[in-house]
Amino acid sequence: MLASFQHSKMLRAIRHKNILPAISAFRAFSSSAKEMTVREALNSALDEEMSADPKVFLMGEEVGEYQGAYKITKGLLDKYGPERVLDTPITEAGFTGIGVGAAYYGLRPVVEFMTFNFSMQAIDHIINSAAKSNYMSAGQISVPIVFRGPNGAAAGVGAQHSQCYAAWYASCPGLKVLSPYSSEDARGLLKAAIRDPDPVVFLENELLYGESFPVSAEVLDSSFCLPIGKAKIEREGKDVTITAFSKMVGYALKVGRILAKEGISAEVINLRSIRPLDRSTINASVRKTNRLVTVEEGFPQHGVGAEICTSVIEESFGYLDAPVERIAGADVPMPYAANLERMAVPQVEDIVRAAKRACYRSVPLAATA
Amino acid sequence: MWISKTIFNHFKSRLNFTPNYAPLSLLSPRRFASTIAQNPSTFNSIHDANQQVIDFPGGTVKFIPEMRFISESSPQRIPCYRVLDDDGQPLANNFVQVSEEVAVRMYSNMVTLQIMDTIFYEAQRQGRISFYATTIGEEAINIASAAALTRDDVIFPQYREPGPLLWRGFTLQEIAHQCFSNKYDNGKGRQMPIHYGSNKHNYFTVASTVATQVPHAVGAAYSLKMDKKDACSITYFGDGGSSEGDFHAALNFAAVMEAPVIFLCRNNGWAISTPTSDQFRSDGVVVKGQAYGVRSIRVDGNDALAIYNAVQAAREMAISEERPVLIEALTYRVGHHSTSDDSTKYRPANEIEWWRLARDPVARFRKWIERNGWWNDMAESELRNSLRQQLLHSIQVAENIEKPPIEDIFNDVYDVPPSNLREQEQWVKDTIKKHPLDYPENISA
């Protein structure tokens with residue numbers, strides 16, 4: 001049926017721990033067995049959008065000559081020239097303000113932050129000059145800008161390089177906030193972000209850049225685009241809903257496989273879009289499973305999980321059979337030492353335990369006798 | 001030795017590399033040139049007494065055996081360009097002449113601004129609007145700079161520059177609508193008074209954030225350059241605004257990006273209660289230009305003709321040479337910072353009065369146009385009376401118009417209203433219909 005070449009690729013893909021696809025994606029294999037890293041996905045999305053629209057241009061530190069601090073913008077300076085790929089001086093506040101000004105006048109900048117931790121220097125421009133402008137100017141100033149870069153914990157980079165900003169940006173009306181997991185997400189969501197007339201914060205993850213995912217021919221097409229505001233059900237299940245975004249989706253899928261061995265069928269939702277949040281998909285899932293575990297790497301207080309929990313209580317309270325479990329990073333600045341860092345971010349075991357608690361399975365059955 | 005040769009050859013080969021994009025002209029060769037460190041074994045030496053030269057990244061510098069610090073200040077302050085003296089007499093004949101039509105239009109607009117400010121200030125004091133900030137003392141900067149630009153030049157104001165809007169045809173009635181935030185406000189009642197903005201007039205909406213407009217203007221200038229438009233952007237800010245990080249990043253970038261932008265600093269001596277001596281210790285703002293590689297000039301901000309000449313020249317340089325220009329207009333903030341301020345608390349009342357009367361830029365320009373036979377007392381009183389009537393009428397009209405409709409809370413957050421906001425809008429409208437007595441009468445559901 002399948003050529004042996006494609007067959008062995010498929011097996012390799014299955015063995016690759018992080019990307020076991022949901023049932024539906026198996027079908028994609030039979031049409032195309034191409035794989036792509038998230039880095040390649042982002043690079044190709046930028047390339048195609050710059051080629052399609054001469055108003056799209058990139059700016060950021062090291063995006064040009066250095067080919068991008070994480071090589072996401074590799075080859076783009078050579079292809080499009082220094083007018084469209086701008087290496088900026090070191091001032092996030094400065095280049096963000098300039099990018100916003102260019103967007104005010106009608107260009108479509110894609111501004112890279114080396115990590116979103118550095119976006120704090122520019123946050124006034126992101127919120128006050130970009131997010132609120134369409135509203136404050138009564139529709140006269142639209143800001144079709146994308147802010148992208150790695151977000152959240154990496155590995156061994158310490159407190160000032162590890163914070164997750166999803167909750168901060170997603171609380172602000174006027175912004176759209178996206179966070180891809182797979183290469184398909186990366187391509188589709190980045191293209192959607194660049195084409196969107198509103199300012200978009202695009203939260204990537206450094207550790208995912210090198211990960212490979214299968215991509216179908218549809219995904220590889222240059223017109224491919226994912227809708228903003230729609231979550232994806234990565235794994236269907238009926239006992240407990242697990243929501244996650246970015247790297248935690250991979251963990252949640254692992255958790256799904258582990259729980260399956262114990263007879264718990266978990267439904268894993270890849271949020272893709274933090275603002276607007278796909279409340280209807282989340283609520284529909286909870287109404288089916290009656291249990292919810294939210295997963296994020298960021299700090300717990302006022303986090304994404306808190307918002308999801310409230311949304312479910314507002315719309316599906318009667319359907320909950322157990323309290324909502326919220327798994328988040330530890331409430332401490334990220335430590336550096338490897339053992340401490342490991343304990344400061346959610347691990348697969350934490351999510352498994354939470355799912356079991358939600359399913360009343362964490363107390364041994366023997367105790368009820 | 002072989003390492004530096006390899007590096008040298010690498011950079012050398014980069015110079016010969018022909019990119020497959022349309023070359024932008026100035027940027028690429030200069031970029032590569034600045035990163036080339038010359039092979040250390042062949043540096044130039046000029047045998048002239050003690051002088052030798054070496055190539056560090058950034059270019060050739062001479063070196064000297066004496067340790068010389070550059071002084072923190074020059075013995076002389078940078079001089080100030082002026083065309084008319086205090087009495088409205090030209091100091092020389094080397095200025096760009098302004099026609100009677102333009103001069104009279106400039107003068108009328110300056111008077112309009114002056115009277116508009118007086119009357120709206122009073123309206124705030126009477127409780128009819130919540131807030132106002134005047135531009136008294138800075139009418140020349142406002143109007144003359146606008147007169148020297150074209151309609152295609154994009155304006156990024158701070159908040160003390162309604163003049164260019166008036167010059168471009170924004171009416172007193174529209175000003176009143178914004179200050180009263182009624183349903184005809186083209187800002188849909190979203191902002192405090194004086195936060196005007198109009199696409200039609202190429203004037204970007206005022207934001208309260210200080211100096212954020214400065215890098216915005218640079219970004220817009222870059223867009224204009226990429227579109228090859230015969231236009232520049234201009235941005236206004238005060239002496240206080242020049243302390244913000246955004247000012248420094250913007251000037252630095254504008255020079256590197258070679259953006260056609262005019263930075264016009266209204267150095268009016270005060271940032272609320274902070275005098276310039278507490279704001280910076282440099283010779284004002286003009287000297288900061290050179291630090292960033294930006295051409296700059298200091299101008300008498302109360303001299304309409306000097307402002308006109310300087311802005312016109314700056315515009316020409318900005319567009320044809322693709323460079324930023326900094327203009328520091330020295331002036332005095334005659335009014336309080338805003339209606340929330342009483343400046344007599346931190347500066348002497350007689351100082352304010354002196355600047356208001358003896359150094360009034362409007363009166364000074366009036367003397368010049370009268371001397372040319374283009375204006376007289378009768379025209380003056382006609383204009384002032386007519387303006388007062390218009391303004392009082394505009395205020396009365398604006399005050400009695402309905403406030404913006406409920407929809408305007410919910411739209412423009414995004415390009416397309418999201419479902420949650422559309423739902424909420426419906427709920428609010430339904431609630432108002434059900435309980436009309438619980439809501440004020442002047443909102444339309």
Side-chain angles (χ1 to χ4, degrees), chain A residues 54-55 57 59 64-65 77-107 109 121 124-125 128-129 131-142 144 173-176 196-199 229 275-277 279-280, chain B residues 17 19-24 27-28 31 35 154 156 185-191 195 197-200 204-205 207-209 211-227 233 245-246 248-250 252-254 256-257 259 408 411-416 418-421:
Chain A
K55 292 200 170 294
F57 74 102
M59 52 193 307
E65 297 283 350
L77 172 64
D78 282 347
K79 187 166 175 186
Y80 295 100
E83 259 192 329
R84 294 185 67 195
V85 180
L86 268 58
D87 272 327
T88 61
I90 306 179
T91 159
E92 278 72 12
F95 67 70
T96 305
I98 284 170
V100 170
Y104 280 1
Y105 199 72
L107 291 185
Q121 298 236 306
D124 179 65
H125 278 295
N128 281 330
S129 302
K132 298 178 185 171
S133 277
N134 199 46
Y135 192 76
M136 285 184 354
S137 71
Q140 295 184 91
I141 302 179
S142 102
L175 280 182
K176 289 179 175 161
D196 198 288
D198 296 310
R275 176 185 259 271
L277 201 52
R279 296 166 202 274
S280 55
Chain B
F17 169 75
N20 56 0
Y21 53 81
L24 199 238
L27 266 181
S28 23
R31 173 205 288 273
T35 57
V154 186
F156 287 84
D185 170 20
N186 78 333
K188 296 185 189 168
R190 300 270 167 74
Q191 297 218 63
H195 287 63
S198 171
N199 265 2
K200 254 190 356 189
F204 273 83
T205 308
S208 312
T209 43
T212 52
Q213 72 281 7
V214 188
H216 295 165
V218 178
Y222 189 74
S223 315
L224 288 170
K225 188 168 91 152
M226 280 184 68
D227 279 352
S233 67
D246 274 343
H248 302 273
N252 190 35
F253 261 87
V256 170
M257 290 164 82
D408 284 346
N411 52 29
D412 301 323
V413 181
Y414 294 100
D415 189 58
V416 172
S419 59
N420 66 324
L421 290 184

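Throughout, protein chains are lettered first and strands after them, A, B, ... in sequence-line order, and every chain is numbered starting at 1.
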(Q) Which label fits A:Phe57 and B:Tyr222: parallel for a plane angle under 30°, tilted from 30 to 60°, or perpendicular past 60°? (A) tilted
**Q.** Gap separating the CZ atom of B:Phe204 from the OG atom of A:Ser129, nearest 0.5 angstrom
**A.** 12.0 Å
Q. What part of A:Leu175 gets closer than 4.5 Å to chain B, counting heavy atoms only: side chain, backbone, both or neither?
A. backbone
Q: Heavy-atom distances under 4.5 Å only: say whether A:Pro276 touches chain B with side chain, backbone, both or neither.
A: neither
**Q.** From CD (B:Gln191) to NZ (A:Lys132), nearest 0.5 Å
**A.** 10.5 Å
Q: In sequence, state the C-alpha distance, the side-chain angles, and the governing distance for A:Arg84 and B:Met226, and then conclude on side-chain contact (heavy atoms from CB on, under 4.5 Å).
A: CA-CA 9 Å; A:Arg84 294 185 67 195; B:Met226 280 184 68; 4.2 Å; yes
Q) So what's closer than 4.5 Å to chain B heavy atoms on A:Thr88: side chain, backbone, both or neither? A) both
**Q.** Reported CD-to-NZ distance for the pair A:Gln140 and B:Lys200, which is rounded to 0.5 angstrom
**A.** 9.5 Å
Q. For B:Thr212, is it the side chain, the backbone, both, or neither that has a heavy atom closer than 4.5 Å to a heavy atom of chain A?
A. both
Q: Would you name the heavy atoms of A:Gly94 and B:Phe253 that are closest together and state the gap between them?
A: C-CE1, 4.2 Å
Q.
Given 3.5 Å as the limit, does a donor-acceptor pair link the side chain of A:Asn134 with the main chain of B:Asp412, or not?
A. yes
Q: Pick one of side chain, backbone, both or neither for A:Lys176, based on which atoms fall under 4.5 Å of a heavy atom in chain B.
A: both
Q | Portion of B:Asp415 that has a non-hydrogen atom of chain A nearer than 4.5 angstrom | A | both
Q: Would you mind telling me which of B:Val413, B:Asp408, B:Asn411 makes a side-chain contact (heavy atoms from CB on, under 4.5 Å) with A:Tyr135?
A: B:Val413
(Q) Looking at every non-hydrogen atom in both residues, tell me the closest pair between B:Lys188 and A:Ala138 and how far apart they are. (A) CG-CB, 3.6 Å
Q: Considering non-hydrogen atoms only, spot the tightest contact between B:Ala207 and A:Met136 and give its length.
A: CB-CE, 4.4 Å
Q. Sequence neighbours excluded, which residues qualify as side chain to side chain donor-acceptor pair (under 3.5 Å) partners of A:Arg279?
A. A:Glu307
**Q.** Distance-minimising heavy-atom pair for A:Ser137 and B:Thr205
**A.** CB-OG1, 3.3 Å
Q. Does any heavy atom of chain B fall under 4.5 Å from the side chain of A:Asn128, the backbone, both, or neither of them?
A. side chain
(Q) Can you tell me which portion of A:Asp196 sits under 4.5 Å from chain B's heavy atoms? Options are side chain, backbone, both or neither. (A) neither
Q.
With rounding to the nearest 0.5 angstrom, report the NE2 to OG1 distance, B:His248 to A:Thr91.
A. 10.5 Å
